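Just so it is clear, the structure is predicted and the values come from calculations on it, not from any experiment.
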Amino acid sequence: MRYILQLSTGSFGSPACRAQDAERMLEYCIKALDVEKVIFGWAADNKLNREISGMLDQYPVEKYFWLPVFAEIHSGEAVRRSVDLTEGKQKAFQTCREDAFDFVCQSSQESLTGAAEVFERLTKGCAMDGVFLDRIRYASGAGGVGALYGCWCPACLRFYEKNGVDTERIRYLAKGGGTARFMPKELEKGIYRYEDEDIDRLMAAKRKNITDQVERLGRRFHERGLKVGADTFAPVVADFVGQDIFALAEAVDFVKPMVYVRTDAPAGLPFELRALGCDIKGKLDRLWGGDTGSMELAVKQTQELQGAGCSIAPGIDANYVEDICSADTAYVKEYLAKLAAAGAKSVVLSWDIMRISRETIDAIGAAES
């Protein structure tokens with residue numbers, strides 16, 4: 001099995017690591033493991049990026065710049081802010097290193113342009129092989145029930161109506177509160193059909209919008225000769241944030257579903273499933289045929305993606321972050337062994353190698369030898 005490393009260099013607000021420290025850890029991992037790609041970003045420090053990129057030029061690995069698309073980038077007129085249907089303020093998440101999870105409008109072309117401009121500026125002078133798209137989704141129910149309805153700016157309202165959504169009834173439903181409106185009834189290729197027909201049309205429109213936007217941005221980078229990777233939620237919760245993983249896999253070179261079992265923060269299965277509520281979690285368990293918060297079910301989800309011909313590299317939460325991610329060496333080894341047995345060819349060690357112990361890296365390497 002081959003490995004993809006993720007290196008968090010910090011946020012747009014401030015770098016979180018020094019070049020020499022990052023290079024030292026990257027070198028250690030590359031010598032210990034069969035590394036095929038390195039994803040790094042997204043500190044707004046071109047000098048830091050050039051130093052890391054230059055160091056990686058010494059090794060036969062592909063370099064991807066980590067780029068958030070519909071969150072974090074809020075500069076000037078480059079984006080259109082998201083409008084919450086319920087007029088409720090989304091919960092703020094600052095899980096580590098100043099990640100804000102403050103989403104902008106997902107239908108805005110300005111958002112795509114802003115993301116592309118950030119990539120150009122921060123990778124100037126770097127011989128990058130690709131770009132890794134993050135935050136290509138709507139806010140999840142963990143940000144409040146209103147987040148599940150998506151953006152309701154005038155442009156999004158027109159988009160929903162064009163795609164058959166009864167916006168007046170959705171407004172009525174949103175007044176009721178609670179996640180029960182979003183109860184799935186069927187599952188097909190990672191996509192849910194919802195009990196309420198108007199909610200079903202809304203979710204289909206959100207799904208279409210994210211797929212269309214990723215296709216547009218992906219083409220933009222592909223035309224420049226760059227490869228494109230995409231970060232997604234785990235299949236069991238991806239549809240709730242507008243991600244059709246099977247469709248996204250056709251638009252990019254590889255997809256990294258975040259099958260985070262030990263992460264109690266955005267994208268973590270315990271966190272996202274809890275936000276949806278016990279009733280929806282119970283229904284998801286029945287639809288998927290097992291505990292959707294378990295390692296076993298996460299592995300099964302990756303198998304289904306692989307079986308459909310999707311180019312995926314599941315991302316496991318291999319780093320320890322106090323009060324956020326309880327991953328340890330035993331957990332990482334067990335997870336990797338199960339993924340390998342299920343046929344995984346590549347795995348992303350997520351989401352920050354600076355927070356993965358050398359003991360864990362050594363244990364992975366020893367198991368492979």
Side-chain angles (χ1 to χ4, degrees), residues 137-150 170 173-174 176-208 210-211 232-249 255-310 312 314-317 331 334-335 338-339 341-344:
R137 62 179 178 88
Y138 289 88
S140 78
V145 176
L148 291 172
Y149 291 94
I170 293 294
L173 293 176
T179 60
R181 305 290 192 190
F182 295 87
M183 181 65 71
K185 65 176 181 179
E186 297 172 358
L187 168 66
E188 182 180 355
K189 287 191 68 175
I191 290 174
Y192 299 118
R193 296 302 304 271
Y194 296 83
E195 291 183 354
D196 186 285
E197 291 185 0
D198 290 309
I199 291 293
D200 192 60
R201 294 188 187 96
L202 173 66
M203 301 302 270
K206 289 170 57 183
R207 199 184 302 129
K208 173 178 169 31
I210 293 297
T211 299
T232 73
F233 270 25
V236 70
V237 288
D239 194 57
F240 289 98
V241 293
Q243 292 177 330
D244 178 348
I245 300 180
F246 291 90
L248 293 175
V255 171
K256 174 207 146 190
M258 294 178 281
V259 282
Y260 298 167
V261 179
R262 289 279 191 93
T263 298
D264 195 17
L269 282 164
F271 187 83
E272 300 297 343
L273 289 168
R274 185 171 63 247
L276 291 171
C278 294
D279 290 343
I280 289 181
K281 165 67 163 62
K283 186 58 177 287
L284 297 181
D285 289 352
R286 292 190 291 276
L287 289 173
W288 286 90
D291 179 3
T292 47
S294 69
M295 184 184 295
E296 289 71 24
L297 219 296
V299 172
K300 178 183 176 183
Q301 292 169 57
T302 67
Q303 280 184 301
E304 292 192 8
L305 290 168
Q306 291 165 341
C310 298
I312 70 158
I316 69 167
D317 40 358
Y331 163 77
E334 179 188 5
Y335 211 159
K338 288 183 176 180
L339 286 168

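For the side chain to side chain contact (heavy atoms under 4.5 Å, CB included) test, residues two or more places apart in sequence or in another chain that qualify with Ala275 are Ala142. Take Tyr335 and apply the ring-ring contact (aromatic ring centres under 6.0 Å, His included) test, not counting sequence neighbours, and it matches Tyr331. For Tyr260, the ring-ring contact (aromatic ring centres under 6.0 Å, His included) criterion is met by Trp351, not counting sequence neighbours. Looking at residues two or more places apart in sequence or on another chain, you find a side chain to side chain contact (heavy atoms under 4.5 Å, CB included) between Asp285 and Lys281, Asp291, Thr292. Among residues two or more places apart in sequence or in another chain, the side-chain hydrogen bond (donor to acceptor under 3.5 Å, both in side chains) test is passed with Arg274 by Asp264. For the side chain to side chain contact (heavy atoms under 4.5 Å, CB included) test, residues two or more places apart in sequence or in another chain that qualify with Asp200 are Arg193, Tyr194. Listed by chain and residue number, Arg207 satisfy the side chain to side chain contact (heavy atoms under 4.5 Å, CB included) test with Ala204 (two or more places apart in sequence, or in another chain). For Glu195, there are no side-chain hydrogen bond (donor to acceptor under 3.5 Å, both in side chains) partners two or more places apart in sequence or in a different chain. Not counting sequence neighbours, Asp244 has no partner by the salt bridge (charged side-chain N to carboxylate O under 4.0 Å, His left out) test. Partners of Tyr192 by ring-ring contact (aromatic ring centres under 6.0 Å, His included), not counting sequence neighbours, listed by chain and number: Phe240.
Looking only at side-chain heavy atoms (C-beta outward), Ile312 and Gln306 come within less than 4.5 Å of each other. Proximity of Ile199 to Tyr149: side-chain heavy atoms (C-beta onward) are separated by under 4.5 Å at one or more points. When side chains are defined from C-beta on, Pro266 does not count as touching Ser140, because their heavy atoms never get closer than 4.5 Å.
Here the straight-line distance linking atom NZ of Lys256 with atom CZ of Phe233 works out to 11.0 Å at 0.5 Å rounding. Put simply, OG1 on Thr263 and CE on Met258 are 10.0 Å apart, with the number rounded to the nearest 0.5 Å. Taken from CG in Leu284 to CG in Leu273, the straight-line distance is 6.5 Å, to the nearest 0.5 Å.
Between Val261 and Gly293, the shortest heavy-atom distance links the atoms CG1-O, 3.5 Å. Between Ile210 and Gly242, the closest heavy-atom pair is CB-O, 3.2 Å. Taking all atoms of both residues into account, the shortest heavy-atom contact from Ala234 to Leu269 is CB-CD2, 3.9 Å. What you find for Val259 and Pro314 is that their closest heavy atoms are CG2-CB, 4.0 Å.
Surrounding CD of Glu296 are more than 12 heavy atoms belonging to other residues, nucleotides or ligands, all under 6.0 Å away.
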What pairs of donor and acceptor atoms, side-chain ones from residues 297-305 against any protein atom, are under 3.5 angstrom apart with sequence neighbours left out?
| from | atom 1 | to | atom 2 | distance (Å) |
| --- | --- | --- | --- | --- |
| Lys300 | NZ | Trp288 | O | 2.8 |
| Gln301 | OE1 | Val236 | N | 2.9 |
| Gln301 | NE2 | Leu297 | O | 3.3 |
| Thr302 | OG1 | Val299 | O | 2.7 |

Distance-only check: which donor-acceptor pairs under 3.5 Å involve side-chain atoms of residues 176-191, not counting sequence neighbours?
| from | atom 1 | to | atom 2 | distance (Å) |
| --- | --- | --- | --- | --- |
| Thr179 | OG1 | Leu276 | O | 2.8 |

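When atom types are taken as modelled, the side chain of Glu272 and the backbone of Ala267 share a donor-acceptor pair closer than 3.5 angstrom.
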